[in-house]
Structure formats: C-alpha cells, structure tokens
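Just so we're clear, the structure is a prediction, and the values are computed from it rather than from any experiment. Letters A, B, ... mirror the listed sequences (proteins, then strands); counts begin at 1.
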Amino acid sequence: MPPQTRRTAFPKVVIERDTESEESSSDEEEEENDVEGKEEEEDEEEVDEHENGGTIEEVSAPKKKERTPITISLKKVCKVCKRSGHEAGFKGATYIDCPMKPCFLCKMPGHTTMNCPHRVATEHGVIPAPRRNTHNSLDYVFGRQLRPNIPTIKPAFVIPDQVNCAVIRYHSRRVTCLEFHPTNNNILLSGDKKGQLGVWDFGKVYEKTVYGNIHGCILNNMKFNPTNDGTVYAASSDGTISCTDLETGIALSLMNLNPNGWQGPSSWRMLYGLDINSEKGLVLVADNFGFLYLVDIRSNNKVGEAIMIHKKGSKVVGLHCNPVQPDLLLSCGNDHFARIWDMRRLEAGSSLYNLAHRRVVNSAYFSPQSGSKILTTSQDNRLRVWDSIFGNLDSPSREIVHSHDFNRHLTPFRAEWDPKDPSESLVVIGRYISENYNGAALHPIDFIDISTGQLVAEVMDPNITTISPVNKLHPRDDVLASGSSRSLFMWRPKEKSEIVQQKDEKKIILCGRAEKKPSKKFKGESDDSDDDILSTKAKNAKAKRPGPKSTPRNLKGKR
DNA sequence: AGCGGATGATTCC
DNA sequence: TGGAATCCCTCCGC
C-alpha cells in the first residue's frame, strides 16, 4: 500500500485579519480531528484583551497603499513582518506562518506552509523525469564501464524508526558529520563544530572517546582510509587535513593552508569537501575559495597545484568520487552548482557538466552502488535527482520539495543514500519544519523514495525536540545514526529494537538532555554522570509525563 | 522564563 | 566590488 500522506490535524487558529490582508491560511481543517485533549484553545484568540504582552506599535505608513497617518495600535504585531492583524510564531506546538511571506516550505507566494500543496502530498510538485535518450560525453567515455544493472523490483524498505540508544553531551558543540566504520559494525564516528572527533561503540553503549586536539574548529567532512580502516581523514575549517589513528588518537596533519596563522578573514582558508580516491591513492579536499587540492596518500604530499573548480571565492562544500568509475568526480558548493569532472583532466573550467541550482548546494552524491544517479540537496528546499548520468543532464529528472532550509545555527542538511538499497531509491534527510505530533513540536527525519518523490516514512521521538540535520544509514545493518544539536542517536527498526531490549536491557537508553524540560526526578541523577545516559526506567518514567502521550506514529511505507 | 550570543547566505547600495 | 543590513519555525546557558 502506498504510504499515507501526512495528516493535517493542526489546531484551528483563527488569524485576526486586517481589512486589507488577503486570504486566511487556516480554514480548511475539516477532516479527522482526533484532538481529544488539546491543550491549546483552538478557538480564536482575541489578541487584545487578556494578553498582557501587547505592545504599543507605531504603524507608520511603511506601505505605500496604507492609509496615511500614524496610527497607534495596542494589538500585537507579527514578529516577522511587524504588521498588526496577525501573528507568526508557535501557537502551542504548531507554527503559524506570517501570511505576508512566501511559503516557508516551497518558497512560493500566495499561501503558507499550513496549506502548501507540498505539505499535504509530498509528491505533488515533483517534476517528472524527461525520458530523453541523448548521448553525452559521459556516456561516450564511461558508459561501458558504468552502465548499471539496477533491479526493477524494489525490495521493501526497512525503516529504522525507533531510538535504540543515544548519547548526549558527548560533543560540546553541534554535530557536523557522521561516519560508520567500514568493517566494525558498531563504531560510529562523529565530528563537531569545535573540531572534535568522537568514536562511539554503540554496541557497548557507554564506550566512547573524544579526541579534542585534532582540529581547532569545524570538522566539515571525514572519510575512512580505504586501505587501513584504523585511520580516518578529516577536513576542517582550520585549514588542515588530519589523518587520525583511531586507537591512539594520534593525528597526522597532511596539509595546512594557513601556515602563517590568522591574517584576517579574507586570507583564512578553510577546508570543506573531502573524499578519497583509493584507486588513485588520493585524498581530495576543497576550500572556501573554490579550490581543489590533491594529496597523495602514501607520501602525504600535495600533488600538483590547487585547481579552481568552483566560482572564485566560493565555498566548495562537497566532493564525491564515483564508486564505480574512479575517473569521475562530483563537486558542489556555494556557487549554486554541482559539477561533474574527469579526474584525468582537472583544470579550471574543464568540468564535464554543471548542474545548476537555485541556491547553495549542500551536498551532491553519486548513487552508492551503480554510481549512475546523482542526488543533491540545495538550500532552495529541493532535493534534485538525476536518474542517469548518461541521460540528459541539462535538467534534473526530479525536484522534490522538502523542508531543509539553511539556518546559520544549524549544520547544513544533506540527503543521504541508503547504501543497502539495491534500487538506489531510498534516501534519508532531516526535516527543518516542525509538525505538531500529539502536542509536541517535533522535527522528523524523513525517508524519501527519490524515484517517486514519496515520503516513505517520517521518524521521530518525543525525546528529540531538536532538529536532526545530520543523518547516516549504516552500510550493512538496518541502523540509522543521527546527529541532532550536540546529541547522537541510533535508530533501529521497531522489531529489532525490541529484541535487543529483551536481550540486553541496558542498550535501550535515552537521554534526558534532549528534552526541553527533563523530569526533575532524573535531572539530578543525570547531572552527576558525565555522559547523561539514562536508563530504560528513565524512558518509561518520562513517557508518563504530560506532553507527547505516546510515541508518535510512524508512516510505514513498506511495499 | 526571558534574553543574548554564535554567526552564514543573500540582497542592497 | 565590498560592507552593511536582513533573514527570522535554533539552541543553549545564564
């Protein structure tokens, strides 16, 4: 059965309107209001009388069509557009958009997120693939080696939708990247904004190490050494590449772009994109000025000169080597492009293809198995999919509207492939926009079938109230790791979580700090441990608290 | 509980 | 071209 579309059980809020303000955004909540014990009064608040926070606001004719004189109003004003007559912000757990602004989801004017067509049915605005069969240079050069053999029947998707274990206050700054160990199934690496590198054995939940002296600031990307999985490479905004031995924590610095230290922001170079080309024995990194650097893995020496691969002065945030064809490289960055390169001919302006986006491209990945698809995450709130790099690359096969806005305080969202999915269609990405789940404003992690644009599942947990921009699916197991603010979470499918729980109860743990208001009972207890891991009992106790009454439902879109 | 701070892309001049 | 203003469903700690 197809996945259900999201229900729209939002509390009804009547927005008080000005005479000239146009459409209301809230008048079509008719179906299936199972709201039994709603805490917020949904029946229209009179803004004026009993709210003591009313501000005296001068509406001083900023709009041309507005009536001339200065009027003084006691009404609350919208904190977004500063006009009176409506208010933006949270009403309970539901966010009310400012109707004067374009939709926060799809960025189109004329409606708000509440009634955006993309919210009701995710596949609504998906642009279908133009099934053209043209030949391009990629086809000519790489076609024979790369031509995929993708099975036509999709297997059922297995969604890790239950928090299995979690660590909180592990990092002292927000998590920026995650990486599963290539051979040890229970090791997760995490990088943070401070430059710290975490090694977590989530099999033995309490075993974790933090290496704090490798980088001075943001750890932007990391990758295991394919020839020695005891070491990882990392690129940091401190301008260095590190190669760290995970056992000893001893880090080698392969490159330092700021040998003379801080000379001001215009000269400070930061490293963002990173990948490894094991066939060629190269570490590839890219900086914030548009340049790509190659480092030889064996000698640790720079190979050749830096090459400008994106607009001069713009950040190159992502690099990805094709998993099948080592001569193909994909890059993306702040110049609104993802670019495909031939490693044998790397020079400024020589990209094979330039994939245009309307905003910054947070990530661009080849598909993990065949390497023939491309998936990008752009700050225009759209995922873009190119079904075949041998097809027409002038426009994406699909654009999927999804809420993953840029926010300077959040790690940029990146849609990640499920490396286990043979059909190369399942993708995971955190959601920015919140939704009211039984009275709690939660930000789910979305599983999307990029072949159709359908939302396969949205997973969330009442204990995770923060946004989860960083997500990674396990290369072999049905496990999802997510980084949400400073916390790490591991998810497993419900059935498997229960099995684990019976076997080893200690593994089912939750952490208190992710909650806005930890219950007092457990707050004290968690304070004296330094890792803030709570037990099953804590979870159960918390479940009794007012608020989310039950674990919010998940959409099980298996087929 | 309410506030400040950290801080990046974009637009405007 | 570059600096200032703006954007405005963050999150944490005081």
For [N], take OP1 and OP2 only and decide whether either is under 4.0 Å from a side-chain N or O of [X].
X: A:K82; N: C:dC8; result: no
X: A:H409; N: C:dC12; result: no
X: A:S485; N: C:dC12; result: yes
X: A:R173; N: C:dG13; result: no
X: A:K315; N: B:dA9; result: yes

Requested in this report: Provide the distance between the two P atoms, one in C:dG13 and one in B:dT7, to the nearest whole Å.
Outcome: 15 Å

Report task. Taking atom C1' in both C:dC9 and B:dT11, compute the distance separating them and give it to the nearest angstrom. Result -> 22 Å

Name the nucleic acid region contacted by [X], choosing base, sugar-phosphate or nothing; use a 4.0 angstrom heavy-atom cut-off, strictly under.
X: A:R174; value: nothing
X: A:I433; value: base
X: A:N334; value: sugar-phosphate

When the distance from [atom1] of [X] to [atom2] of [N] is rounded to whole Å, what number comes out?
X: A:N407; N: C:dC9; atom1: CG; atom2: C1'; answer: 9 Å
X: A:K194; N: C:dC11; atom1: NZ; atom2: C1'; answer: 16 Å
X: A:Q379; N: B:dG8; atom1: CD; atom2: P; answer: 12 Å
X: A:F90; N: C:dT10; atom1: CZ; atom2: P; answer: 6 Å
X: A:N362; N: B:dT10; atom1: CG; atom2: C1'; answer: 15 Å
X: A:I168; N: C:dG13; atom1: CD1; atom2: C1'; answer: 15 Å
X: A:L410; N: C:dC12; atom1: CG; atom2: P; answer: 11 Å
X: A:N220; N: B:dG8; atom1: CG; atom2: P; answer: 10 Å

Query raised in the report: Going through the checks in order, is the side-chain contact (heavy atoms from CB on, under 4.5 Å) test met by A:V285 and A:Y233?
Result: CA-CA 10 Å; A:V285 290; A:Y233 292 94; over 6 Å; no

Requested in this report: Kindly assign one of parallel, tilted or perpendicular to the pair A:F413 and A:Y432, based on the angle between their ring planes and the thresholds 30° and 60°.
Outcome: tilted

Requested in this report: Assess whether atom CD of A:Q263 is packed by more than 12 heavy atoms of other residues, nucleotides or ligands within 6.0 Å.
Outcome: yes

For [X] and [Y], indicate whether the former's side chain and the latter's backbone hold a donor-acceptor pair under 3.5 Å.
X: A:T112; Y: A:C103; answer: no
X: A:N334; Y: A:V317; answer: no
X: A:N354; Y: A:S351; answer: no

Query raised in the report: Of all heavy-atom pairs between A:S266 and A:F289, which one has the smallest distance, and what is that distance?
Result: O-CZ, 3.3 Å

Query - Minimum heavy-atom distance A:L488-A:G483, with the two atoms named - result: CD2-CA, 4.3 Å

Report summary line: Ranking A:K193 and A:V360 by the position along DNA chain B of their nearest nucleotide, the one closer to 5' is A:K193

Would you tabulate the side-chain donor-acceptor contacts of residues 267-274 of chain A under 3.5 Å, counting partners in other chains and residues two or more places apart, or write 'none'?
residue : atom : partner : partner atom : Å
A:S267  : OG   : A:G264  : O            : 3.3
A:W268  : NE1  : A:S237  : O            : 3.0
A:R269  : NH1  : A:Y293  : OH           : 2.9

Query - Proximal nucleotide (of B:dG8, C:dC11, B:dT10) relative to the A:T466 side chain - result: C:dC11

**Report entry** Salt bridge present between A:D405 and A:K107 (N-O < 4.0 angstrom)
**Finding:** yes

Query raised in the report: Could you run down nucleotides 1-7 of chain C 5' to 3' and tag each one B, S or - for protein heavy-atom contact under 4.0 Å?
Result: ------B

Report task. Treat a base pair as Watson-Crick or G-U wobble with both distances under 3.5 Å, then lay out DNA chain C in dot-bracket form, 5' to 3', with | for cross-strand pairs. Result -> .||||||..|||||

